[in-house]
Amino acid sequence: MLALARGEVDANGLLPIFAARSPEVAEKCNIMADVQDLFKKIIAHSKEYGFVYPSSEIYEGLGGVYDYGPLGVELKNNIKTYWWKAMVQLHENIVGIDAAIFMHPTTWKASGHVDAFNDPLIDNKTSKKRYRADVLIEDYIKKLEEKIEKQVKKGRKRFGEAFDEEKFRATDGRAVQYAEKIADIEGRLHTAMRDNDLVALRDLIVELEIADPVSGSRDWTEVRQFNLMFSTQLGNIAGEAGKLYLRPETAQGIFVNFLNVLNTTRQRLPFGIAQIGKAFRNEIIARQFIFRMREFEQMEMQFFVKPGTEMEWYNAWKEKRMQWHRALGVPAEKLRFKDHEALAHYANAAVDIEFEFPFGFKELEGIHSRTDYDLRRHEEYSGKKLRYFDPETREHFVPYIIETSIGADRMFLALLSAAYREEEVPDAKGGTATRVVLKLPPALAPVKCAVLPLLKNKPELVDRAKEVFETLKYEFACQYDEKDAIGRRYRRQDAIGTPFCVTIDFVSLEDDTVTIRDRDSLEQVRVKTADVAAFIREKVDWAPLLRAVGASPL
Ligand code: GAP
């Protein structure tokens with residue numbers, strides 16, 4: 001076999017490390033490698049073009065914390081604008097607030113976060129590494145699942161065409177043995193988690209002989225509950241009384257302002273309160289780039305409804321939120337609903353909208369029917385009545401709540417993952433070249449248009465291009481670029497997702513026109529300079545996007 005360079009594929013399109021295996025295995029392995037490769041590329045691309053940087057990188061970074069660069073902040077702001085417009089601007093009965101991050105500490109007792117927002121942790125005494133006990137066990141289960149898949153592959157190879165996978169899984173001695181073991185472990189894990197039985201969790205880890213992935217040691221501490229809230233201290237009060245938390249969700253800021261909003265607006269049930277803001281969680285396993293962070297941003301809406309009508313609203317919001325995602329042009333097969341199997345004690349229905357990230361389908365957004373739990377708990381702890389007076393029935397009651405909650409950062413990652421492409425395109429010499437392009441929806445793209453003089457050393461082109469740039473910049477996020485050959489400048493704009501490149505060439509000087517290049521089709525049209533703004537305005541307008549989401553009859 002010919003030696004191939006790293007990353008290079010052989011004549012069958014296979015990476016060398018997999019090429020010697022069976023075509024089926026090789027194909028699957030290649031897909032997995034591609035997927036990991038894609039995720040790495042997205043992370044590298046984010047950094048290279050100034051979307052996302054590791055936080056305080058000059059000090060080796062801080063785990064689970066990221067900074068948004070010049071293009072990242074634009075894209076994130078556009079995501080937030082899209083959410084805000086679709087939720088608040090389109091609905092007369094949804095209003096926004098911006099509550100403080102710090103809240104009275106009793107808030108978190110009432111919400112249940114002080115007592116129950118915990119992860120069970122275990123330390124390895126040799127490596128001094130800390131792990132989530134349940135995740136160690138889940139990882140063990142994953143290994144058993146992989147063993148089953150290996151058995152299935154062997155079976156497929158052995159029986160060829162006649163292979164009946166379902167029958168094999170049900171009858172092969174080893175596969176059945178592994179499956180039974182998984183069922184047993186899952187059952188015990190579920191019971192231990194439900195009963196908060198930390199001893200049972202540790203016993204399971206010891207019994208399964210789970211070793212520290214770093215040191216290989218099995219020298220484990222006890223399992224302890226670890227609260228995920230970050231705390232800090234109020235300046236003028238010492239001790240417990242002055243202990244404050246950084247909010248782990250924005251929702252509580254809405255619940256505690258329910259009465260304020262009710263009394264200061266003319267809203268009547270059903271109505272919603274929306275908020276975008278930072279949340280903080282001391283995640284033990286902060287991984288997968290900006291998917292799971294310690295500091296992140298949430299976009300949450302709490303919709304207050306009459307008790308008994310909540311399922312109707314829950315279903316309406318499920319559809320509405322899915323529509324918001326679909327309107328962006330994300331392929332339908334990349335989005336799906338996943339009902340929660342175990343409901344939180346305060347919920348009577350809950351579903352996730354999952355997106356197919358490069359590492360698989362994962363939660364992007366949660367929609368929860370939270371009953372009257374939150375308002376009742378705040379009534380109990382504050383001693384204030386958080387009731388709604390229905391003028392028709394003349395009844396006072398605690399409204400039920402439907403919550404929609406999405407992470408702005410997770411949405412950012414979903415958008416980037418859906419937009420990132422490597423494509424073969426014609427090059428200037430009549431051949432082809434590979435371009436990296438972000439096919440972002442134009443309304444959300446960080447830069448809407450780039451203005452490019454064809455040549456840098458022709459002052460008449462440069463002057464005209466600067467004039468065009470000066471007129472456009474008041475309306476759109478634009479870039480002026482004169483460095484390098486025009487082809488390279490197009491590639492740079494493709495790589496950051498700029499939907500339009502406006503080029504000033506020699507014809508422009510004669511007839512006062514420019515060319516506009518479309519990022520996706522690569523087509524170039526010539527338009528009058530005076531018409532450029534209208535051309536771009538129509539394409540990057542929020543209105544068509546918002547019409548595709550549609551205002552619901554709320
Ligand atoms: N108020 C409900 C709530 O906070 P959640 O499922 O814990 O529910 C809602 O979070 C959304 O917030 C998630 O669907 C996800 O998009 C985002 N999110 C949660 N934890 C996150 C983290 N550590 N990093 C980034 N985003 C996160």
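Just follow the structure's listing: the first ligand is 1, and inside any ligand the first atom is 1. In this text the structure is predicted, and so the values were computed from the model without any measurement.
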J.: Can a salt bridge be assigned to the pair Lys129 and Asp123 using a cut-off of 4.0 Å between side-chain N and carboxylate O?
T.: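 The answer is no: the pair does not qualify as a salt bridge.
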J.: In ligand 1, which numbered atoms sit nearer than 4.0 Å to a non-hydrogen atom of Glu403?
T.: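 Counting atoms of ligand 1 from 1, those under 4.0 Å from Glu403 are 1 (N), 2 (C).
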J.: Provide, to 0.1 Å, the distance between atom 20 (N) of ligand 1 and the closest protein heavy atom, together with that atom's residue and name.
T.: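 Scanning the protein heavy atoms, the shortest distance from atom 20 (N) of ligand 1 goes to Arg281 NH1, 3.3 Å.
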J.: If we only count N/O pairs under 3.5 Å, is Gly407 in contact with ligand 1?
T.: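 Yes, since at least one N or O of Gly407 sits under 3.5 Å from an N or O of ligand 1.
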J.: Examine the side chains of Gln302 and Gln275 and answer whether a donor and an acceptor come within less than 3.5 Å of each other.
T.: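 No, no side-chain donor-acceptor pair sits under 3.5 Å.
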J.: Give the residue and atom name of whichever protein heavy atom lies nearest to atom 9 (C) of ligand 1, and the separation in Å to one decimal.
T.: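 It is Ser405 OG, 3.0 Å.
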J.: From atom 1 (N) of ligand 1, work out which of Gln288, Glu295, Glu300 has a heavy atom at the shortest distance.
T.: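 It is Glu300 that holds the nearest heavy atom.
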J.: In the protein, which heavy atom is nearest to atom 6 (O) of ligand 1, and how far is it?
T.: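 Residue, atom and distance for the closest contact: Glu363 OE2, 3.1 Å.
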J.: So is Arg370 in contact with ligand 1, going by heavy-atom distances below 4.0 Å?
T.: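 So Arg370 counts as touching ligand 1.
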J.: Do Glu138 and Ile185 have side-chain heavy atoms sitting under 4.5 Å apart?
T.: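 With C-beta onward as the side chain, the pair stays apart.
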J.: Quick one: nearest non-hydrogen protein atom to atom 8 (O) of ligand 1, plus distance?
T.: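 Among all protein heavy atoms, the one nearest atom 8 (O) of ligand 1 is His368 CE1, 4.0 Å.
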J.: Around atom 26 (N) of ligand 1, find the nearest protein heavy atom and jot down its residue, atom name and distance.
T.: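 Atom 26 (N) of ligand 1 sits closest to the protein heavy atom Phe296 CD1, 3.5 Å.
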J.: Tell me: protein heavy atom nearest atom 23 (N) of ligand 1, and distance?
T.: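 The answer is Met293 O, 2.8 Å.
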J.: Looking at atom 10 (O) of ligand 1, what's its closest protein heavy atom, distance included?
T.: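 Checked against all protein heavy atoms, atom 10 (O) of ligand 1 sits closest to Gln298 NE2, 3.4 Å.
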J.: Which ligand 1 atoms does Glu283 reach within 4.0 Å, using its non-hydrogen atoms?
T.: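 Going through ligand 1 atom by atom, the ones under 4.0 Å from Glu283 are 23 (N).
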J.: Look at ligand 1 and say whether Leu364 reaches it with a heavy atom at a distance under 4.0 Å.
T.: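 Distance cut 4.0 Å: Leu364 passes for ligand 1.
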J.: Could you tell me whether the side chains of Thr81 and Asn78 share a donor-acceptor contact shorter than 3.5 Å?
T.: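 Asn78 and Thr81 do not have a side-chain donor-acceptor pair below 3.5 Å.
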J.: So, does Asn227 use its side chain to make a donor-acceptor pair with the main chain of His113 at under 3.5 Å?
T.: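 Side chain of Asn227 to backbone of His113, a donor-acceptor pair under 3.5 Å: yes, one is there.
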J.: Against heavy atoms of Glu365, which atoms of ligand 1 measure under 4.0 Å?
T.: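 Listed by number with element, the hits are 14 (O).
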J.: So, Asp139 and Lys142, do they make that salt bridge, N to O below 4.0 Å?
T.: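 Looking at Lys142 together with Asp139, the answer is yes, because their closest N to O distance falls below 4.0 Å.
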J.: Flag the pair Glu354 and Lys362 as a salt bridge only when some basic side-chain nitrogen lies within less than 4.0 angstrom of an acidic carboxylate oxygen.
T.: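 Salt bridge between Glu354 and Lys362, a charged N being under 4.0 Å from a carboxylate O: no.
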J.: Less than 4.0 Å between a side-chain N and a carboxylate O, is that true for Glu365 and Arg321?
T.: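 Yes, Arg321 and Glu365 are salt-bridged.
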J.: Which of parallel (below 30°), tilted (30 to 60°) and perpendicular (above 60°) describes Tyr82 and Trp542?
T.: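 Parallel.
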J.: Taking the ring centre of each residue, are Phe357 and Phe359 less than 6.0 Å apart?
T.: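 Between Phe359 and Phe357, which both carry aromatic rings, the centre distance is below 6.0 Å.
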J.: Distance to 0.1 Å, residue and atom name: give those for the protein heavy atom nearest to atom 25 (C) of ligand 1.
T.: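 Its nearest protein heavy-atom neighbour is Phe291 O, 3.2 Å.
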